[in-house]
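Worksheet: one structure, shown below.
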Amino acid sequence: MIYLRRPPDWEEHEKPSLPGSPAMPFHKPWVRVCYGLIAVLIALTGGLGNALFTANLPTIQGQMGLTVTEAAWLSGAYVMFNVTANLLVYKFRQQFGMRLFAEIGLGVYAALCVLHLLLGGYDSLILLRAASGLAAATCSSLGTLYMLQAAPRTYVLKMLVIGVGVGQLAAPLAWVLSPGLLYNSDWHNLYMFEAGLALLSFAAVVVLKLPPGVFIKTFEKLDFLTMALMVPGLGLLIAVLVQGYSHWWLDTPWLAWMLVGSIVLLSTALYIEHHRRNPMLHTRWFTQAPTIRFVVGAILLRFLTTEQTYGMVGLLRTLGMTPDQMQPLFWVILLGTLVGIAVSASTFGLPHLGKQILGAIALFAVAAFLDLHRTSLDRPADFFLSQFLLAIGAGIFMGPLMLTGVIQGLKYGPNHMLTAIVTISMTQAMGGLMGSALLSTYQLHREQVYSVALVAQLDPTDPVVAERLKIQSQIYGRVTPDPAMRANQGLLQLSQIVRREANVRAYNDVFALTAAIAVAYLLWLLGVVERLRKAAALVRALTWQSGNQGAAAAATDGAPQRASSLSSQAADRSQSAVNEAQPQAAAGGQPRFTVVVEESQTDARGDDLAGYAQVPGQTLVIEGEQALELSQAAQAAQLQEAAVLASRDPLQDNEPALALKERLEAGIGQAAKEKAAQEQASRAALPTATEPASKQDAQAEAQAQPARKPD
């Protein structure tokens, strides 16, 4: 490891967990509040740009005269730069710092927003969408790092969930803000708002900087070759996904050639990475069964959330609903997302990762089942309950998913962090694209099936159909006196109604498909619960020595929330740690515990060091009946630990171990207090014992000196 800058002289609790991560020093409360507010601003800046564009795409497309293909290229430009930027963010922040990357990304984003306001063309818009993807990749990492500074290190995992969750608020918030921003149908207001957010975030990052971290040399020459192959390879794959629906998958030869080019480029890049000494992406990690399960699960989770972004929104748009009519619904979705984030943050931890993910999948399935059997008479208010439940699930799953991926990567070493982070970002981006592409294709297919079936039932000789056509033609009686034209208009209007009803039925099939996938995924997870239990036991075994969630915290720039093993609470109070507690045989066959307490400056609870007294190193001996009781308690704790690891919930608390920990802490703390009291009493008694001796020595010295003669 080559340090590019000399690391500061940090305290132990201030050190960053990984190179490129900021340190965790003590901050005053008002500074922490500022870090939290800036984190919210940055996260919303990264998410609102694309969310506002997606929510108002029909309006923008109509005002600028864009075709469906041109609008699809805009979405593809965003996703391409968002995915490929994550290849750079991690290594760039390790070598040059996150602040420089943020200034570049936000600066380019703000400049292109202003440029598009001046030019207003398709070329400037596609550049702006690409810059928005770059800024989103920057802001997602930067917002989380700022949020981690907003609370003591004890709460790092909870702040991780909040930091990741704030970005999820951008989508419903965009729908809430859109009616006001599009007042008088002026699309310039959207980009003025985007430019303002980007400039505010840029100023905030410059004014309140992240604490410095460790900077190391990470980039190698082969990294740029890999990126030169992966960026166009991913771009071609994304182009196929965004253009396949509008051009149809099997009717456009150039889509096949783009897919072939993507496979060749990505395969070449992965081949190079597979044979490198220090690869960016560890290809062997992807061949592990747990990694495959994680990737499939991450894609499916993101796929299930498209039931809201594509299914519900698409159905309401088909029924003629506008953003201002859907605004109350997205207030409900915003509230549900906040509730989901709060639930996830309050219950977040290694023992609850699987439970939270299972709960999110169950909510997705329930929401999809509630949306079955929709009709053309449904309105946004009818979706309140289902979308509220789906929003809670969406707010819950992201934090556990990220931590699961990080732990999966850290099992093979910190050098797998970049691979894990890129995998998480790619599964979320590609999962969203694949979800929209597959669901839109399935919806179109089912719509055609239903249209053919409904049209086949419209027999003009049927009295009911003839009466309906007569009613439809009478609507145009005041418009045209021509009976044939009125009949044609009535037939055209009836065909539009048929198309609408076919679309409603097709969207019901989309909801049924997502519900079936959610139920199947839930059953699959429950079927592999034994393997999950073994994985949880492995995590517990790996973290038992440190007595905390260090394996998870190492990737989240923080320290554990809670010690679960025999760590010392006295270490929190007196800045000491128990290094050794070995039973020995004393005289008479009684066991003896020798506990060595070393001097330490580490604050394991938070950053506030005020009130902590440093205790010098000492050796405590526990023997006799008390040592025998402690020995028996230690054996009981060890037996209970083996039982916990073999149980159905291997991450549950070991009650005998916790009780033994408390006894040791109490004994060490009491011994430290007694020793401190003895030393204080010795220092207080020292002057009275030495004063007479000092006076006698002074008198003897005066008598020994000869009498001085006057000058």
Side-chain angles (χ1 to χ4, degrees), residues 46-54 57 60 66-92 101 104-106 108-109 112-113 116 122-141 167 170 194 223-247 252 254-270 280-281 298-299 302 306 309 418 421-438 440:
L48 273 175
N50 187 61
L52 287 170
F53 173 79
T54 304
L57 181 58
I60 297 172
L66 303 179
T67 64
V68 176
T69 300
E70 290 173 333
W73 284 124
L74 295 174
S75 300
Y78 171 85
V79 177
M80 174 184 172
F81 275 79
N82 180 260
V83 172
T84 55
N86 284 289
L87 292 171
L88 287 172
V89 168
Y90 189 74
K91 280 203 167 187
F92 192 97
F101 194 88
I104 294 173
L106 291 172
V108 171
Y109 182 37
L112 288 176
C113 283
H116 182 61
Y122 179 72
D123 294 336
S124 61
L125 181 56
I126 200 167
L127 289 176
L128 176 59
R129 290 297 92 215
S132 178
L134 176 64
T138 304
C139 292
S140 60
S141 298
E194 278 192 67
D223 292 342
F224 300 100
L225 176 59
T226 299
M227 287 185 286
L229 293 170
M230 292 199 68
V231 169
L234 289 172
L236 291 173
L237 178 60
I238 292 169
V240 172
L241 292 175
V242 299
Q243 294 293 343
Y245 170 74
S246 57
H247 290 276
T252 310
W254 56 266
L255 286 176
W257 287 112
M258 293 177 73
L259 185 59
V260 170
S262 173
I263 294 174
V264 171
L265 290 172
L266 292 177
S267 299
T268 305
L270 293 177
M280 292 177 62
L281 301 176
I299 292 176
R302 185 67 181 88
T306 56
T309 58
L418 176 59
I421 291 175
V422 170
T423 302
I424 294 171
S425 63
M426 289 185 63
T427 54
Q428 296 308 290
M430 302 303 290
L433 275 183
M434 291 172 60
S436 298
L438 294 177
S440 60

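These numbers come from the heavy atoms of this one structure, side chains and all, not from hydrogens, waters or symmetry mates. Keep in mind the model is a prediction, meaning the values are calculated, not measured.
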Can you list everything that forms a side-chain contact (heavy atoms from CB on, under 4.5 Å) with [X]? Sequence neighbours excluded, please.
{"X": "Thr54", "result": "Asn50"}
{"X": "Ser124", "result": "His116, Leu119"}
{"X": "Ala437", "result": "Trp249"}

So for atom CH2, which belongs to Trp254, do other residues, nucleotides or ligands contribute more than 12 heavy atoms lying within a distance under 6.0 Å?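 More than 12 within 6.0 Å, yes.
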Would you say that more than 12 heavy atoms from the other residues, nucleotides or ligands in this model lie under 6.0 Å from the OH of Tyr78, or not?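 Yes.
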Within the 4.5 Å heavy-atom criterion, are Glu194 and Tyr109 side-chain neighbours or not?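 When only atoms from C-beta onward are counted, Tyr109 and Glu194 do touch, with a gap below 4.5 Å.
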So, does Thr138 use its side chain to make a donor-acceptor pair with the main chain of Leu134 at under 3.5 Å?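 It does hold such a pair.
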Determine yes or no for a side-chain-to-main-chain donor-acceptor pair under 3.5 angstrom, with Thr427 supplying the side chain and Ile424 the backbone.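 The answer is yes, because a donor-acceptor pair under 3.5 Å joins these two groups.
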[X] [atom1] to [Y] [atom2] distance, which is reported to the nearest 0.5 Å:
{"X": "Ser75", "Y": "Ile126", "atom1": "OG", "atom2": "CD1", "result": "10.0 Å"}
{"X": "Asp123", "Y": "Leu128", "atom1": "CG", "atom2": "CG", "result": "12.5 Å"}
{"X": "Ile263", "Y": "Thr268", "atom1": "CD1", "atom2": "OG1", "result": "11.5 Å"}
{"X": "Leu66", "Y": "Leu74", "atom1": "CG", "atom2": "CG", "result": "6.5 Å"}
{"X": "Tyr122", "Y": "Leu127", "atom1": "OH", "atom2": "CG", "result": "10.5 Å"}
{"X": "Leu438", "Y": "Thr306", "atom1": "CG", "atom2": "OG1", "result": "8.5 Å"}

Could you report the tightest heavy-atom contact between [X] and [Y], atom names first, then the distance?
{"X": "Gly105", "Y": "Ala135", "answer": "O-CB, 4.4 Å"}
{"X": "Ala170", "Y": "Gly47", "answer": "CB-C, 3.4 Å"}
{"X": "Asn82", "Y": "Ala137", "answer": "ND2-N, 3.4 Å"}

Could you go through residues 226-244 and list every donor-acceptor pair under 3.5 Å that involves a side-chain atom there, pairing it with any protein atom two or more places apart or in another chain?
residue, atom, partner, partner atom, Å
Thr226, OG1, Leu222, O, 3.1
Thr226, OG1, Glu273, OE2, 2.6
Gln243, OE1, Ser246, OG, 3.3
Gln243, OE1, His247, NE2, 3.4
Gln243, NE2, Thr69, O, 3.1

Once side chain to side chain donor-acceptor pair (under 3.5 Å) is applied, do any residues pair with Thr423, and if so which ones, sequence neighbours excluded?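 Once residues adjacent in sequence are excluded, Thr423 has no partner under the side chain to side chain donor-acceptor pair (under 3.5 Å) criterion.
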